[in-house]
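Below is one structure, written out as structure tokens, with a few remarks after it.
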Amino acid sequence: MTNDTMSNSTTTNRTGDSTTSAAGTWVAVGPAGAVGSIHRAPDGFHVELFGRRSTGGVFPSLGSAKSAVHAAMGPHADRPEFRAH
């Protein structure tokens with residue numbers, strides 16, 4: 001179960017383990033290393049995709065931001081692990 005509110009968040013790693021965090025930053029790590037990050041802000045969750053000129057956008061929930069990072073990795077990419085920092 002995930003809680004993507006602005007106060008607390010539950011993140012799930014690739015093995016399915018859930019951890020609760022009040023973190024403001026999550027780093028997306030794929031098989032080749034870090035691919036992007038998500039930053040909590042008053043207006044939503046800001047996505048930054050590493051190696052890209054433009055930002056990834058602002059999303060209303062942590063879940064939608066995670067989905068955007070995964071989609072940006074391209075077709076057939078494994079879902080990255082999101083590590084709270």
Side-chain angles (χ1 to χ4, degrees):
M1 182 170 172
T2 61
N3 177 4
D4 295 336
T5 64
M6 295 295 283
S7 59
N8 284 318
S9 303
T10 300
T11 58
T12 303
N13 63 24
R14 289 184 354 188
T15 62
D17 298 328
S18 294
T19 58
T20 301
S21 173
T25 300
W26 293 262
V27 176
V29 181
V35 296
S37 61
I38 301 170
H39 306 276
R40 183 191 311 261
D43 62 341
F45 293 85
H46 293 248
V47 170
E48 178 182 354
L49 302 170
F50 300 154
R52 308 251 176 125
R53 287 184 175 186
S54 64
T55 61
V58 179
F59 297 87
S61 69
L62 180 58
S64 62
K66 287 180 178 182
S67 293
V69 171
H70 184 209
M73 293 174 64
H76 308 294
D78 289 334
R79 184 173 177 89
E81 178 181 339
F82 292 91
R83 298 179 184 167
H85 287 269

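All residue numbers in this chain count up from 1 along the given sequence.
With hydrophobic clusters built from ILVMFWY side chains whose heavy atoms lie under 4.5 angstrom apart, M73 shares a cluster with F59. A continuous path of Ile, Leu, Val, Met, Phe, Trp and Tyr side chains, each step under 4.5 Å between heavy atoms, connects W26 with L49, placing both in one hydrophobic cluster.
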Begin from the C-alpha positions of L62 and F82 and carry the test side-chain contact (heavy atoms from CB on, under 4.5 Å) through to its verdict. CA-CA 11 Å; L62 180 58; F82 292 91; over 6 Å; no
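For F45 against I38, the heavy-atom pair with the smallest separation is CB-CG2, 3.9 Å. H85 approaches R83 most closely through the heavy-atom pair CD2-O, 3.1 Å.
Legend: residues meeting side-chain hydrogen bond (donor to acceptor under 3.5 Å, both in side chains) with H70, ordered by chain and number and at least two apart, are absent. With sequence neighbours excluded, no residue forms a side-chain hydrogen bond (donor to acceptor under 3.5 Å, both in side chains) with S67.
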Expected list for residues 30-37: side-chain donor-acceptor pairs under 3.5 angstrom, two or more places apart:
unit_1 : atom_1 : unit_2 : atom_2 : d
S37    : OG     : H39    : NE2    : 2.8

